[in-house]
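In what follows, every chain begins at residue 1, and chains take the letters A, B, ... in the order their sequences are listed. Treat the numbers as computed from the prediction; the structure is a model and nothing was measured.
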Protein chains: 2
Amino acid sequence: MNSTKRNKLEAKGWKLGDAQDFLALSDEEMAFIEMKLALSRELKARRLHKHLSQAGFARRINSSQSRVAKMEAGDASVSMDLLIRSLLALGASRKELARFIEQSKRRVA
Amino acid sequence: MNSTKRNKLEAKGWKLGDAQDFLALSDEEMAFIEMKLALSRELKARRLHKHLSQAGFARRINSSQSRVAKMEAGDASVSMDLLIRSLLALGASRKELARFIEQSKRRVA
DNA sequence: TGACTATATGTCATATCTGACATATAGTCT
DNA sequence: AGACTATATGTCAGATATGACATATAGTCA
């Protein structure tokens, strides 16, 4: 991972391990973050596809516009639980969720 | 869902919606719980396969034996985040995680 | 029997997540 | 310009999850 990428993650509030050389990051840590970011991207795509505003969607899932924005921005304060429950609420199937997770190895930018 | 199944879930601390007839449960709610239970089963299977005790595994992931027991028991106090991070720590790949999620539609008992 | 190991279960202080709110930014329309 | 809509971002009180601990249960071995 280059430092640009790292900076982007840290700007979103991610606390990235205590790796000494400041660049290394465990594969597991990275995989987990990438999964969340993938779910976050899919969430936004699905919401837009349904022509829902963040506020409208928030109402549906008893959340708030600001939290939906954070979910879609890949904010570190958002749990996997919330991302998955939100995707399910948008009609995502297990199969689709599985695909998002399997294919999550993507660029962060 | 029959009431036996529901009782088993409620015994583990799951708060199952407010469905009026006490049997109906949203597909999304059910899918989410089943995913967690599937991950929980896989976690136990992988740990045993590696001949690790709950205490030994807990040490590895900076957790505690009791929390590992709860993870494997499908306790409602365990988050998806923790389950997934734990599986990654046991060496599960994205592909495997995806499979567990896709195939999570299984019996609860 | 007792010692040891593994797992289960309940509790709790603290850490983390969440919805809500305020406010900022940006685009569109009249 | 001002009004309106959508999204972003920071903060925070309350809710939920967490590791740690105590303790229970059950199996094995000598």
Side-chain angles (χ1 to χ4, degrees), chain A residues 7-18 29 32-33 35-37 39-41 43-90 109, chain B residues 7-18 29 32-33 35-37 39-41 43-90 109:
Chain A
N7 289 341
K8 282 184 182 159
L9 289 174
E10 291 187 330
K12 290 177 179 176
W14 295 100
K15 274 180 282 185
L16 296 185
D18 50 359
E29 204 173 2
F32 186 67
I33 292 176
M35 278 181 212
K36 279 178 137 187
L37 294 178
L39 294 176
S40 147
R41 282 193 299 274
L43 182 68
K44 179 165 193 172
R46 284 188 87 91
R47 175 183 63 78
L48 291 175
H49 187 72
K50 293 208 168 193
H51 305 293
L52 279 169
S53 67
Q54 290 183 343
F57 176 52
R59 232 170 287 124
R60 270 217 215 183
I61 59 173
N62 297 314
S63 183
S64 60
Q65 179 268 324
S66 57
R67 186 123 307 265
V68 173
K70 286 175 199 357
M71 286 194 232
E72 294 180 355
D75 192 284
S77 81
V78 175
S79 71
M80 199 106 193
D81 293 67
L82 185 58
L83 286 169
I84 291 184
R85 280 191 284 107
S86 299
L87 276 162
L88 288 171
L90 280 176
Chain B
N7 288 341
K8 281 184 183 158
L9 288 174
E10 291 186 331
K12 289 177 179 177
W14 296 98
K15 275 181 280 185
L16 297 185
D18 51 357
E29 202 172 3
F32 186 67
I33 292 176
M35 278 181 212
K36 281 178 135 185
L37 294 177
L39 295 175
S40 149
R41 282 193 299 271
L43 181 69
K44 179 165 193 171
R46 284 188 88 91
R47 175 183 62 79
L48 291 176
H49 188 71
K50 293 207 166 190
H51 305 292
L52 279 169
S53 66
Q54 291 183 343
F57 176 52
R59 232 170 288 124
R60 270 216 213 184
I61 60 172
N62 298 316
S63 184
S64 60
Q65 179 269 325
S66 57
R67 186 123 309 266
V68 172
K70 285 175 197 5
M71 286 195 233
E72 294 181 355
D75 192 283
S77 81
V78 175
S79 71
M80 200 106 192
D81 293 66
L82 185 59
L83 287 169
I84 291 184
R85 280 191 284 108
S86 299
L87 277 162
L88 288 170
L90 280 176

Looking at every strand, decide which applies to Val78(B) at a 4.0 Å heavy-atom threshold: base, sugar-phosphate, or nothing.
sugar-phosphate
Report the C-alpha distance between Ile61(B) and Arg85(B) in whole Å, list the side-chain angles of each, state the deciding distance to 0.1 Å, and finish with yes or no for side chain to side chain contact (heavy atoms under 4.5 Å, CB included).
CA-CA 9 Å; Ile61(B) 60 172; Arg85(B) 280 191 284 108; over 6 Å; no
Looking across every strand, which nucleic acid part, if any, lies under 4.0 Å from Ser64(A) by heavy atom: base, sugar-phosphate, or nothing?
base
Closest-nucleotide 5' rank along DNA chain D - winner of Ser77(B) and Ser66(B):
Ser77(B)
How many Å lie between CD on Gln54(B) and P on dA26(D), as a whole number?
16 Å
Given dG19(C), is OP1 or OP2 found less than 4.0 Å from the side-chain N or O atoms of Ser63(A)?
yes
Tell me what Asn62(B) touches on the nucleic acid: a base, only sugar-phosphate, or nothing, going by heavy atoms under 4.0 Å.
sugar-phosphate
Separation of dT11(C) P from Asp75(B) CG (nearest whole Å):
12 Å
The answer to which of Arg67(B) and Asp81(A) contacts DNA chain C further toward the 5' end, by nearest nucleotide, is Arg67(B)
Test your reading of the model: is there a side-chain donor-acceptor pair from Ser40(A) to the backbone of Met71(A), 3.5 Å cut-off?
yes
Grab the two heavy atoms, one from Phe57(A) and one from Ser86(A), that are nearest each other, plus how far apart they are.
CZ-O, 3.7 Å
Whole Å only: how far is the CG atom of Leu82(A) from the P atom of dA17(D)?
12 Å
Rounded to whole angstrom units, what separation is found between the CD1 atom of Ile84(B) and the P atom of dT18(D)?
12 Å
Taking the side chain of Arg85(A) as heavy atoms from C-beta outward, which of dA8(C), dT18(C), dT7(D) is closest to it?
dT18(C)
Without swapping roles, check the side chain of Lys36(A) against the backbone of Leu83(A) for a donor-acceptor pair under 3.5 Å.
no
Which listed nucleotide (dA6(D), dG19(C), dA20(D)) is nearest to the side chain of Lys70(B)?
dA20(D)
Separation of atom CE in Met71(B) from atom P in dA8(C), rounded to whole Å:
12 Å
In whole Å, I'd like the distance from the CD atom of Gln65(B) to the P atom of dT23(D).
15 Å
Select base, sugar-phosphate, or nothing to describe what Arg47(A) touches, counting heavy atoms under 4.0 Å on all strands.
sugar-phosphate
Under 3.5 Å donor-acceptor, Lys50(B) side chain and Leu90(B) backbone:
yes
Within this structure, what is the CD-to-P distance between Glu72(A) and dA6(D), rounded to whole angstrom?
13 Å
What integer distance in Å separates Ile61(A):CD1 from dG19(C):P?
7 Å
